Amino acid sequence: MTDLHLPEPIAAYFAADRQNPDALAHCFTAQATVKDEGQTHAGQAAIRAWKAAASARFAYTTEPFALEQDSGHHIVRSRVTGNFPGSPVNLRYRFRLERGLIASLEITA
């Protein structure tokens with residue numbers, strides 16, 4: 001990971017993304033949502049299933065390289081490299097934090 005000073009819940013997310021679906025799901029509140037590839041995944045169980053499905057389809061790594069704030073959200077730009085069509089790609093991760101966890105995440109190109 002780069003020398004970015006990511007807020008702890010966001011740093012934990014990117015670390016857990018290299019681990020397993022359970023570790024990743026624990027980064028989120030119980031009612032959290034993730035929007036990715038046109039679908040919304042609500043709650044920790046759905047987020048766990050989303051991560052498991054993504055990991056089963058593709059092997060990838062993420063390298064955050066920029067952080068900004070906008071209207072109470074933390075926006076992280078990250079280079080994602082893997083065995084998926086169009087790799088590598090720069091993605092935008094829009095996080096909303098709540099009580100030390102992620103309340104929402106939207107991933108876009």
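What you are looking at is a predicted structure, and each value in this text was computed from that prediction instead of being measured.
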Transitively linked via ILVMFWY side-chain contacts under 4.5 Å: [X] with [Y]?
X	Y	answer
F58	W50	yes
L4	I75	no
L6	L101	no
L67	Y13	yes

_Ignoring hydrogens, what is the shortest heavy-atom contact between T33 and A42? Give both atom names and the distance._
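Looks like CG2-CB, 4.1 Å.
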*Please report the closest heavy-atom contact between P88 and T81, naming both atoms and the distance.*
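P88 and T81 have their closest heavy atoms at CB-OG1, 3.5 Å.
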_Within the 3.5 Å criterion, strictly below it, is a donor on H73 or R96 matched to an acceptor on the partner's side chain?_
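Per modelled atom types, H73 and R96 side chains form no pair under 3.5 Å.
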Nearest-0.5 Å distance, [atom1] of residue [X] to [atom2] of residue [Y]:
X	Y	atom1	atom2	answer
E8	C27	CD	SG	9.0 Å
H41	I47	NE2	CD1	8.5 Å
T29	L97	OG1	CG	10.0 Å
I107	R94	CD1	CZ	13.5 Å
L24	Q19	CG	CD	9.0 Å
Y93	T62	OH	OG1	5.5 Å

_Salt bridge or not between R18 and E63? Use side-chain N to carboxylate O under 4.0 Å._
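No.
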_Keeping S55 on the side-chain end and K51 on the backbone end, is there a donor-acceptor pair under 3.5 Å?_
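Yes: the side chain of S55 pairs with the backbone of K51.
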*Can you spot which of T61, D17, N90, V89 makes a side chain to side chain contact (heavy atoms under 4.5 Å, CB included) with V80?*
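That would be V89; it is the only one of T61, D17, N90, V89 passing the side chain to side chain contact (heavy atoms under 4.5 Å, CB included) with V80.
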_Quick check on side chain to side chain contact (heavy atoms under 4.5 Å, CB included): which of H26, Q44, R48 does P21 satisfy it with?_
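Result: among H26, Q44, R48, R48 is the only option passing the side chain to side chain contact (heavy atoms under 4.5 Å, CB included) with P21.
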*asked:* Quick check: do V76 and F14 have side-chain heavy atoms less than 4.5 Å from each other?
replied: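 In contact.
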*asked:* Using side-chain heavy atoms (C-beta onward) and a distance below 4.5 Å, is P64 in contact with R77?
replied: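 Sidechains of R77 and P64: no contact.
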